[in-house]
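Here is the structure we will look at.
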Amino acid sequence: MKIAVIGGGAAGLIAAIVARKSGAEVTIYEKMNRVGKKILATGNGRCNYTNMNLSLNCYHGNNFNHVEKVFENFGLKKTLNFFEELGIYPYIDESGKVYPNSLQASSILDVLRYEVERLNIEEITDFEVKELRYSKGKFSIINDDTVFYADKVILCTGGKASPQLGSNGEGYKIAQNLGHRIIEPFPALVQLKLKGKFFKRIAGIRFDGNVRAITNNKTIRIEDGEILFTEYGISGPPILQISRMAIEEMNKGETVYVQVDMFPNIEKNDLYEILRDRFSKIGYKNLEDSLIGFINKKLISVALNEAGFEDHETLSKNLNKKNIYKIVNILKEWKFQVNGHNAWQQAQVTAGGIDLSEVWPETLESKKVKNLYFAGELLDVDGDCGGFNLQWAWSSGYTAGYKASK
Ligand SMILES: Cc1cc2nc3c(=O)[nH]c(=O)nc-3n(C[C@H](O)[C@H](O)[C@H](O)COP(=O)(O)OP(=O)(O)OC[C@H]3O[C@@H](n4cnc5c(N)ncnc54)[C@H](O)[C@@H]3O)c2cc1C
């Protein structure tokens, strides 16, 4: 039996290996000049390939519960074993993120590529599949001037995130032409643009904080970690984490705010006491000078403006309780309206994709076209930041590869 794997990313590589090990003849068709380019960029070049706290709660998608069984086929333990057998010794950080012990994403790609080679899986690179046709039990895999044939196809061309690494949404068109419905894709795990004219002045400031996404006065997600102000707004791991829900709400027409807490380990009242003491000790300094050493200097003037102080020359000893609380409120609850997000080029993951209700849940075979399977980010599944997206690629790639080979 001939299986064509279209897209040599994380999902495609594991699907090809598993199908080949089960006896199928497998060819990978990849549009880039080599497979797995995106893997090299993952985890800041270290590849956070799974997470010890794997849980279905870390995944999103319109019918995600439909495909939960995919994780029973190939979950955390099998993933760790699979990579250990290929030579990857895991390094687990304090939060449960798993990396290769070499802390090199290239290690993950190398061991997958060596296995592909060892198993004599054919790789056809620089081959961009433009169309897939199914007729009389055979698939035609077509680019401009060449056609290949296969009995079964596993389509794993990824989503639209980071198109410079290969995946630009072409797979949706291929699937649509075969009758599949696409849930409108939007970037997830992406930086947020914020309303405000002062971001150029505070760009580059980093701090460990807490951020919440708020809509209709309700907090929809809270995250901690390193936050970074940028020229366009805000970035950093907690921002990527909240971005999916924020963008989803904005797409529904809701107004979304992010609220930043720069002192997450200090209660509001305690922060008030700290500032009151500080201002009584160095109250001979003006407002701006009395905050030097407490927060980043570039932030002081902007934060005071935002807190409503027109006169920054006032001596800090003259501040009353209400005024000190104005500063506390900015430091603990600075609220910004989200007015956009960065482009696909900067996004790490795609939300949306092939509608899961049109896919058989246990095999990931199409309900529309027999012998056509899907895996990876192309499907309407996206995970939180932390190794969950690659885990989905491994779990779904394994499932499609194994089931297709039967
Ligand atoms: C910068 C960055 C960092 C990330 N870090 C992490 C991380 O640390 N941990 C984590 O879990 N996730 C991470 N992710 C997300 C993760 O990389 C993806 O979710 C995962 O790679 C998706 O795998 P995939 O095989 O479905 O798609 P992809 O990896 O995108 O692979 C799809 C492949 O199909 C090929 N292709 C596309 N169209 C065609 C066509 N028409 N014909 C032939 N070939 C085609 C592409 O060139 C590509 O090689 C990161 C993503 C980015 C961009």
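The basis for the numbers below is simple: all heavy atoms, side chains too, and nothing from hydrogens, waters or symmetry mates. We count ligands from 1, going down the list as the structure has it; atoms in each ligand are counted the same way.
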Check each N or O atom of ligand 1 against all protein N or O atoms and list the pairs under 3.5 Å, with atom names and distances to 0.1 Å, one per line.
from	atom 1	to	atom 2	distance (Å)
ligand 1	5 (N)	Gly43	N	3.1
ligand 1	8 (O)	Gly43	N	2.8
ligand 1	8 (O)	Asn48	N	3.4
ligand 1	9 (N)	Asn48	O	2.9
ligand 1	11 (O)	Gly387	O	3.4
ligand 1	11 (O)	Asn389	N	3.3
ligand 1	11 (O)	Leu390	N	2.7
ligand 1	19 (O)	Glu377	OE1	2.6
ligand 1	25 (O)	Ala10	N	3.2
ligand 1	25 (O)	Ala11	N	2.9
ligand 1	26 (O)	Glu377	N	2.8
ligand 1	30 (O)	Lys38	NZ	2.8
ligand 1	30 (O)	Ser167	OG	3.4
ligand 1	38 (N)	Glu170	OE1	3.3
ligand 1	41 (N)	Val129	O	2.9
ligand 1	41 (N)	Glu170	OE1	3.3
ligand 1	42 (N)	Val129	N	2.9
ligand 1	44 (N)	Lys31	N	3.1
ligand 1	47 (O)	Glu30	OE2	2.6
ligand 1	49 (O)	Glu30	OE1	2.7
ligand 1	49 (O)	Glu30	OE2	3.3

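In this structure, Phe127 has its ring center under 6.0 Å from that of Phe148. In this structure, Phe199 has its ring center closer than 6.0 angstrom to the ring center of Phe336.
Each ring-ring contact (aromatic ring centres under 6.0 Å, His included) pair with one or both residues in residues 338-363, not counting sequence neighbours, would appear here, but there are none. Applying the ring-ring contact (aromatic ring centres under 6.0 Å, His included) test to every pair with at least one member in residues 100-123, sequence neighbours left out, gives no pairs at all. Residue pairs meeting the side chain to side chain donor-acceptor pair (under 3.5 Å) criterion with at least one member in residues 387-398, sequence neighbours excluded: Thr50-Gln391, Thr79-Gln391, Gln391-Ser395.
A donor-acceptor pair is defined here as one N or O able to donate and one able to accept, closer than 3.5 Å; no such pair exists between the side chain of Lys332 and the backbone of Lys268.
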